[in-house]
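Below: the structure, in structure tokens.
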Amino acid sequence: MRAKKLCAVALTLCMLGATGCQGSSKNDTTTSTEATTVAETTEASATDVATTDDATAEIPSLKEIYKDDFLIGTIYAEGSLNEKDVALMDSQFNVITPENIMKPEGMQNVEGTFTYTSADKMIEFANEHNLKVVGHNLAWHQQSPSWMAQDKNDRDKAIEQLKSHITNVAGHYKGKLISWDVVNEAIEDGVSLPADGDWTKCLRKNQWYNAIGPEYLAMAFQFAREADPDCKLYYNDYNLELQQKADVAYAMLKDFLEQGVPIDGIGIQGHMQTGVPAGGLDYALSRFSELDIEISVTELDVTYNGAAGPSLTEEEQVKQAITYAQIFKTLKNHSDKVERVTFWGTVDSQSWRGESFPLLFDSLYQPKEAFYAVADPEGYLEKHAEDLGVMPTVEANATYGTPTVDGEEDEIWKDAEDIKINRQVMAWEGATGTAKALWDENNLYILVHVKDDALDATAENAYEHDSIELFVDEDNGKTASYGADDGQYRIDVNGEITFGTYPGQDGVKGFAVKEDGGYRIEMVIPFTAPVTENTVIGFDAQVNDAKDGARISVAKFCDSTDNSYMTTENFGTLKLVK
Ligand code: XIL
């Protein structure tokens, strides 16, 4: 089934100009008239939006462009919908997903009391605006009331609760939704399918799993099918662009289909990042295409980490847009199997990851470069051929000074700047850190504070401990593989030091100290060649987050890939300043 053809609505958008409007270099597909009139603007904020009678610009309609390919969706963010959001919904989208209100805690926060008012209003709104609606979601480890499956020793009670929740909620919305995300995020992070193919070993130990066991998934789908027989039933998860997780999901879906579990679709959330190639998405789409199910991208957003200012510069926007163009080019190649592509929001300022500007419109409701890239991916990539493959490099400074390396935080660290380690590489959640760097003629010194309230170093593999990894490329050569000047150094929460490839220099030393809400590490790495003021070295830092003996997330300073241990190409830089 494809998107119903809706008439093209020329969108009237005010153009506020100035800050936040860098996305106005349009590509050839746009029918835009130049945004001329409102040149003088002051700093405008998300709430300070212009009225629609300022100046107008027409932009193409994404739902029209993709009408023969897939539905184009956005979220229904209850409570914050203004006139401009509605105008964009009308012109750009044909399907909505409630951002929060249909989650278990929204539907049944108190056992036995169902609260349908907000979601009923959304259905009414959708009908008035010709929008289809996706239900999100019925069983999840988050945003669920604590009474659900509370007693892990009472399996029958948990099954009864799961059944009652799904029967009531899916029953109430019977016939009103095109699909339900029945189970959300059930696969653990950082796992790979075991040799025996048993995907149940890869499940997250959430409340439903702990009380019911792996069978809770099949049960949830069964209850949903009984409650709303014509609704498409989805399994929805993030990081399916990572081959290992896609393989686990594939094994699970295949098993479900063979056993007659009523499942119709796989939702690839698509919480992605600028600079990460679309090859992973292509792999997932190809893999899932082998199965008799539909595929949707359900929560697409592409973060830009490390932006220089309060909004993206044009150059930063282009980098992000290239990633969006690559994603849409890939989606178009699989359009026979892709049913819907939903963005997790429309305007950056309203995004749950707003600090990294992940959406198609800026806070002033102006289309960004990313919008034009989505509107015409091939054209955009051709136009920006020379920018392809450009990864955003994050730069930071190391301050001159020599601390005593003993795990104590000497006064001298106060002078060093904060270096955020918060680019999530594997997951969208997990431990992050803040580093500081000092240098002298002999050594590089690094201090990291990690926010992680559950410490774990029980795994056999050192990289699966709560730990910090430091990557140093002394000549900033950005080479495809490690050279004599490159090193990978790891220290775990207990102060145990391990190495990847490294120059083997004497004097590497480090300490770890547990502190409130996490831990800190202090480490010294001797330079192998002379350095002076203004030397720039390649550098990255990584926070490994572990739980129950497995690595569940990786956050980085710069490198958005998980390949820092093999190549220095994507490292950020540290400038040695005085
Ligand atoms: C997010 C919402 O956008 C936030 O408003 C809320 O605070 C947390 O949840 N995967 C999902 C979505 O399936 O439901 C999540 O939405 C984002 C990750």
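First listed ligand is number 1; within each ligand, the first listed atom is number 1.
- K245 and D237 are joined by a salt bridge, as a carboxylate oxygen and a charged side-chain nitrogen come within less than 4.0 angstrom of each other.
- For W140, there are no ring-ring contact (aromatic ring centres under 6.0 Å, His included) partners two or more places apart in sequence or in a different chain.
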Distances under 3.5 Å, N/O of ligand 1 against N/O of the protein: list each pair and its distance.
{"unit_1": "ligand 1", "atom_1": "3 (O)", "unit_2": "E99", "atom_2": "OE2", "d": "2.5"}
{"unit_1": "ligand 1", "atom_1": "3 (O)", "unit_2": "W344", "atom_2": "NE1", "d": "2.9"}
{"unit_1": "ligand 1", "atom_1": "5 (O)", "unit_2": "E99", "atom_2": "OE2", "d": "3.1"}
{"unit_1": "ligand 1", "atom_1": "5 (O)", "unit_2": "N100", "atom_2": "ND2", "d": "3.0"}
{"unit_1": "ligand 1", "atom_1": "9 (O)", "unit_2": "K103", "atom_2": "NZ", "d": "3.1"}
{"unit_1": "ligand 1", "atom_1": "9 (O)", "unit_2": "Q143", "atom_2": "OE1", "d": "3.2"}
{"unit_1": "ligand 1", "atom_1": "10 (N)", "unit_2": "E185", "atom_2": "OE2", "d": "3.0"}
{"unit_1": "ligand 1", "atom_1": "10 (N)", "unit_2": "Q269", "atom_2": "OE1", "d": "3.3"}
{"unit_1": "ligand 1", "atom_1": "10 (N)", "unit_2": "E299", "atom_2": "OE1", "d": "2.9"}
{"unit_1": "ligand 1", "atom_1": "13 (O)", "unit_2": "H136", "atom_2": "NE2", "d": "3.3"}
{"unit_1": "ligand 1", "atom_1": "13 (O)", "unit_2": "N184", "atom_2": "ND2", "d": "2.9"}
{"unit_1": "ligand 1", "atom_1": "13 (O)", "unit_2": "Q269", "atom_2": "NE2", "d": "3.3"}
{"unit_1": "ligand 1", "atom_1": "13 (O)", "unit_2": "E299", "atom_2": "OE1", "d": "3.3"}
{"unit_1": "ligand 1", "atom_1": "13 (O)", "unit_2": "E299", "atom_2": "OE2", "d": "2.7"}
{"unit_1": "ligand 1", "atom_1": "14 (O)", "unit_2": "K103", "atom_2": "NZ", "d": "2.8"}
{"unit_1": "ligand 1", "atom_1": "14 (O)", "unit_2": "H136", "atom_2": "NE2", "d": "2.7"}
{"unit_1": "ligand 1", "atom_1": "16 (O)", "unit_2": "K103", "atom_2": "NZ", "d": "3.2"}
{"unit_1": "ligand 1", "atom_1": "16 (O)", "unit_2": "W344", "atom_2": "NE1", "d": "3.3"}

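- Residues passing the ring-ring contact (aromatic ring centres under 6.0 Å, His included) test with F557, sequence neighbours excluded: F539.
- For the salt bridge (Lys or Arg N to Asp or Glu O under 4.0 Å) condition, no pair includes a residue of residues 269-278, sequence neighbours left out.
- Side-chain contact annotation: N137 with Y234, donor-acceptor N/O pair under 3.5 Å absent.
- Using cut-offs of 30° and 60° on the angle between ring planes, the pair Y76 and F125 is tilted.
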